Amino acid sequence: MINIMIPGADELMFRNLVLDFNGTLAVDGKLLEGVADKLNALSSSLDIHVVTADTFGNVKVQMKKVKCKIKILDETDQQLQKLGYIAQLGNDSVVAIGNGKNDALMLKHAALGICMIQKEGASQESMMAADVICNNILDALDMLTNPLRLKATLRK
Ligand SMILES: [Mg+2]
């Protein structure tokens with residue numbers, strides 16, 4: 001668990017990290033350098049889940065060295081499938097990270113939603129739904145292990 005006190009807001013108590021794959025952890029279907037090590041380091045404090053449409057059909061191979069659960073979505077209404085996934089974990093226990101339109105609802109309803117831009121860009125809907133927007137997944141993951149950064153960004 002990761003606890004973060006944000007002045008002027010409820011205490012955040014994260015147990016789960018739920019991530020989109022393409023555009024978030026990967027570009028063009030390839031896991032970005034440095035991501036596997038950071039996720040494995042975070043896996044001692046958070047359960048890690050990758051929820052993806054698996055556009056390139058390779059998420060299981062790309063994530064094989066990462067301690068995580070993988071959920072591959074079917075084609076219909078992926079926003080609702082991602083939202084349903086975090087709901088069964090408990091929205092308040094979830095940090096969600098994603099970049100696409102199908103991430104918007106989970107970013108909005110998670111305790112903390114982080115929208116990624118990176119190389120693929122972010123959907124406008126997801127940017128508006130998120131609490132924090134980051135350029136780079138390594139920066140986003142570092143925020144979870146350096147809570148003072150998050151505190152500085154989110155304090156009222
Ligand atoms: Mg994506």
Side-chain angles (χ1 to χ4, degrees), residues 2 4 12 14-43 45-147 149-150 153-154:
I2 293 177
I4 302 178
L12 299 171
F14 306 130
R15 289 189 176 78
N16 296 286
L17 174 59
V18 178
L19 303 123
D20 166 52
F21 186 62
N22 286 300
T24 298
L25 296 176
V27 171
D28 300 332
K30 284 197 179 138
L31 188 64
L32 291 161
E33 199 170 333
V35 168
D37 288 346
K38 279 202 195 292
L39 287 177
N40 282 329
L42 274 169
S43 73
S45 342
L46 297 171
D47 290 336
I48 296 173
H49 311 256
V50 177
V51 180
T52 174
D54 199 18
T55 305
F56 295 85
N58 64 350
V59 66
K60 287 184 178 165
V61 172
Q62 290 291 309
M63 296 301 290
K64 70 174 187 281
K65 291 186 178 156
V66 179
K67 197 177 159 210
C68 67
K69 290 179 187 153
I70 294 172
K71 167 75 177 171
I72 296 173
L73 305 173
D74 60 45
E75 289 295 320
T76 55
D77 215 337
Q78 294 177 345
Q79 277 218 36
L80 284 178
Q81 290 181 65
K82 291 194 179 195
L83 179 62
Y85 192 90
I86 69 160
Q88 49 96 20
L89 297 171
N91 291 356
D92 290 346
S93 74
V94 172
V95 182
I97 306 183
N99 75 310
K101 193 176 172 100
N102 66 9
D103 297 310
L105 280 177
M106 79 165 181
L107 295 179
K108 181 172 183 186
H109 291 279
L112 179 70
I114 304 175
C115 182
M116 303 305 312
I117 299 176
Q118 299 194 131
K119 302 238 186 266
E120 192 174 305
S123 90
Q124 184 252 4
E125 200 173 333
S126 281
M127 284 184 89
M128 298 300 284
D131 298 292
V132 180
I133 294 161
C134 282
N135 280 314
N136 180 290
I137 183 64
L138 299 177
D139 295 341
L141 297 176
D142 282 347
M143 233 169 16
L144 301 176
T145 46
N146 297 276
R149 292 184 189 170
L150 204 51
T153 302
L154 291 180

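On a predicted model such as this, the values are computed, not experimentally measured, just so you know. We count ligands from 1, going down the list as the structure has it; atoms in each ligand are counted the same way. The basis for the numbers below is simple: all heavy atoms, side chains too, and nothing from hydrogens, waters or symmetry mates.
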Review point. Counting only heavy atoms not in D28, do more than 12 fall under 6.0 Å of its CG?
Key: no

Review point. Could you give the distance from CG (L144) to CG (D139), rounded to the nearest 0.5 Å?
Key: 11.5 Å

Practice item. Check whether any side-chain heavy atom of N58 lies under 4.5 Å from a side-chain heavy atom of F21, and answer yes or no. Key: yes

Review point. Between K82 and D103, is there a salt bridge with N-O shorter than 4.0 Å?
Key: yes

Review point. Closest approach of I137 and Q118, non-hydrogen atoms and distance?
Key: N-OE1, 2.8 Å

**Study point:** N, O or S atoms of the protein lying under 2.8 Å from the Mg ion (ligand 1)
**Key:** D20 OD2, N22 O, N99 OD1

Review point. Closest approach of L39 and I48, non-hydrogen atoms and distance?
Key: O-CD1, 3.0 Å

